[in-house]
2 protein chains.
Amino acid sequence: MLAAVLQVRAGSLQVMLWQRAREPHAHRWSLPGGGLGGHEDVEASIRRQLAEKVDVRQLSHVEQLAVFSNPTRVPGPRVVATAFLGLVPSHIDPVVPADTAWHPVDALPATAFDHEAICRRARHRLASKLSYTNLGFALAPPEFTISALRALYSAALGYQVSATNLQRVLSRRGLLEPTGGTVQPGPSGGRPAALFRFVSGEMRVTDPFAVLRPPSTRSLGS
Amino acid sequence: MLAAVLQVRAGSLQVMLWQRAREPHAHRWSLPGGGLGGHEDVEASIRRQLAEKVDVRQLSHVEQLAVFSNPTRVPGPRVVATAFLGLVPSHIDPVVPADTAWHPVDALPATAFDHEAICRRARHRLASKLSYTNLGFALAPPEFTISALRALYSAALGYQVSATNLQRVLSRRGLLEPTGGTVQPGPSGGRPAALFRFVSGEMRVTDPFAVLRPPSTRSLGS
DNA sequence: GACGTTTTCGACCGTTAGGCGAAAACCTGG
DNA sequence: CCAGGTTTTCGCCTAACGGTCGAAAACGTC
């Protein structure tokens, strides 16, 4: 029961880690988690464990990643870990305990056990799902400009994306919706940016697949 | 530790189930599986469990599906199950124990516990991955005609796919390769069909994604 | 009012999938 | 051996989509 909680902070994708005080792997950084209780399923359990670190209401998305079960993944008796991906929207700055901090995923400190591999899996899952789902809603605030969204996607994916394409693709898939509002331009001027929101707060899959698409189910209009 | 082992048999997607002899859920049909041993990871464990039902060498693909952990999913003390998807190529007819049989996934008998939900997950995972990976190799024999492949995809997906498109898309993605051989037409005549094979026997992902594709990584040529 | 800045929008192009139909290559029956 | 039926294969056409560019819009400052 471990979670890689990701958030775009200061323009880069970061993961929440806590520093171990005791052996094994003292002083190394570790993903939050804990054991499974008696009357809860694994999703409820990881949310309960994460509640010790962040306000669970600030978690915009939680999903199973995979089971990590290599007998030697931790010293001593074998521990099977169900790993999760958690997401926090960028406009929130959760209060975290003293032993806990955010670290950019491409500059991790010394990590405990196999937690770096779990982080990699989480990054990969996030990047994939940003492409074929509306998972961006879990990274973004309720309202945002296209430039802000572009910055979020670029940080989460690790490379620049085009604002034009991002807006057109997400709109064409029916995921993005203008709120009608605008934001004032900065001190250097510029046209006021329009505000958008994601249509749905639940994860939706947009199948960009061809061979396997049922003939009736055509692409969703604008 | 449970596996939904799927195979296209007699033109329909079927799942391997065994009939429970004892309570709970006696006479209901159940997915094969068992407990995790001390010195193996979950992948090794499920392969060991499945070896009691089928020759493991006949399993062309095994992957994790998800953890099912609802406290009430089985009567009595809670059991956490890591579910797997297994695939068997269509040209193989495994010898199975007397209590075990194949059942079409869209006409399941009375199933035990939450195994029907696990089957649904397995079907969905297979259908999705057929679209954006080369997972078809795990359903097909080493060599096959396009019509045969079309039949496999249609059965696994649950709807008709076009042979023309199937060949072109898989070829364009660099997944399909002609062997040069042909098969003799049936008694009713017809042009001899060319034989093909999948280029790789390992799972490969073909990202048909746009917004999130790194600018350098262009589509793979023929 | 000119100029720089930022966002927005439309236009163009190459690629891909979906569909159709002709052509190819075989069979059987007369 | 030719006509007609069957099955596979291939090319063409079209629509949709993503990638890119550049112009236009809407603001600020000088």
Side-chain angles (χ1 to χ4, degrees), chain A residues 130-132 143-151 153-154 157 159-196 206-222, chain B residues 130-132 143-151 153-154 157 159-196 206-222:
Chain A
L130 281 180
S131 295
Y132 67 93
E143 297 193 357
F144 46 83
T145 66
I146 296 296
S147 334
L149 191 65
R150 189 190 79 92
Y153 272 73
S154 297
L157 293 170
Y159 53 82
Q160 295 288 101
V161 302
S162 145
T164 297
N165 249 333
L166 188 62
Q167 173 177 9
R168 182 180 38 199
V169 169
L170 294 181
S171 298
R172 189 144 51 186
R173 291 179 183 170
L175 306 180
L176 221 53
E177 190 179 56
T179 71
T182 58
V183 290
Q184 296 312 313
S188 60
R191 175 171 173 169
L195 284 170
F196 290 80
T206 65
D207 31 15
F209 306 137
V211 196
L212 322 130
R213 204 176 333 164
S216 51
T217 312
R218 272 304 118 74
S219 70
L220 15 123
S222 80
Chain B
L130 282 180
S131 294
Y132 67 93
E143 299 193 355
F144 45 83
T145 66
I146 295 296
S147 334
L149 191 64
R150 190 190 78 92
Y153 272 73
S154 296
L157 294 170
Y159 53 83
Q160 295 289 100
V161 302
S162 144
T164 297
N165 251 332
L166 187 63
Q167 173 177 10
R168 182 181 38 206
V169 169
L170 294 181
S171 298
R172 187 144 49 191
R173 292 179 182 169
L175 305 180
L176 220 54
E177 189 179 57
T179 69
T182 57
V183 290
Q184 296 312 313
S188 61
R191 175 171 173 168
L195 285 170
F196 291 80
T206 65
D207 31 15
F209 307 136
V211 198
L212 322 128
R213 205 179 330 169
S216 52
T217 313
R218 271 304 117 77
S219 69
L220 18 119
S222 82

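The structure displayed is predicted, hence computed values, not measured ones.
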Smallest separation among heavy atoms of [X] and [Y], with atom names:
{"X": "A:Glu143", "Y": "A:Leu195", "result": "OE1-CD1, 3.4 Å"}
{"X": "A:Phe196", "Y": "A:Thr179", "result": "C-CG2, 3.7 Å"}
{"X": "B:Ala163", "Y": "B:Ile146", "result": "O-CG2, 3.8 Å"}

Can you measure [X] atom [atom1] to [N] atom [atom2] for me and round it to whole angstrom units?
{"X": "A:Tyr132", "N": "D:dG18", "atom1": "OH", "atom2": "P", "result": "16 Å"}
{"X": "B:Leu166", "N": "C:dG18", "atom1": "CG", "atom2": "P", "result": "10 Å"}
{"X": "B:Arg172", "N": "C:dG14", "atom1": "CZ", "atom2": "P", "result": "15 Å"}
{"X": "A:Leu176", "N": "C:dT8", "atom1": "CG", "atom2": "C1'", "result": "14 Å"}
{"X": "A:Leu170", "N": "D:dC17", "atom1": "CG", "atom2": "P", "result": "13 Å"}
{"X": "B:Leu175", "N": "C:dA17", "atom1": "CG", "atom2": "P", "result": "11 Å"}
{"X": "A:Leu195", "N": "C:dT8", "atom1": "CG", "atom2": "P", "result": "9 Å"}
{"X": "B:Arg173", "N": "C:dT15", "atom1": "CZ", "atom2": "P", "result": "17 Å"}

Summary of salt bridge (charged side-chain N to carboxylate O under 4.0 Å, His left out) pairs that have at least one residue in residues 180-191 of chain A, sequence neighbours excluded: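 Non-adjacent pairs meeting salt bridge (charged side-chain N to carboxylate O under 4.0 Å, His left out): zero.
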
State the CG-CD distance between B:Leu170 and B:Glu177, to the nearest 0.5 angstrom.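 Rounded to the nearest 0.5 Å, the CG-CD separation comes out at 13.0 Å.
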
Output the distance between atom CG (B:Leu149) and atom CG (B:Leu166), rounded to the nearest 0.5 Å.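 Between atom CG of B:Leu149 and atom CG of B:Leu166 there are 4.5 Å.
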
Ignoring the backbone of A:Asn165, work out which of D:dT9, C:dA25, D:dG18 is nearest its side chain.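 Nearest nucleotide to the side chain: D:dG18.
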
When you measure from the side chain of B:Arg150 to the backbone of B:Val161, do you find a donor-acceptor pair of N or O atoms at a distance under 3.5 Å?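 Such a contact is found between B:Arg150 side chain and B:Val161 backbone.
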
Would you tabulate the pairs of protein nitrogen or oxygen atoms and nucleotide nitrogen or oxygen atoms of nucleotides 2-5 of chain C closer than 3.5 angstrom?
residue : atom : partner  : partner atom : Å
C:dT5   : O2   : A:Gly190 : N            : 3.2

Under 4.0 Å between any heavy atoms, over every strand shown, what does A:Ala194 touch: base, sugar-phosphate, or nothing? Just pick one.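 Sugar-phosphate only.
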
Which sits closer to the 5' end of DNA chain D, B:Ser147 or A:Pro187, going by the nucleotide each is nearest to?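 Its nucleotide being nearer the 5' end, the pick is B:Ser147.
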
Pairwise N/O distances under 3.5 Å, protein to nucleotides 11-13 of chain C:
residue : atom : partner  : partner atom : Å
C:dA11  : N6   : A:Arg168 : NH1          : 3.4

Under 4.0 angstrom between A:Gln167 side-chain N/O and C:dC9 OP1 or OP2: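 Yes, within the criterion.
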
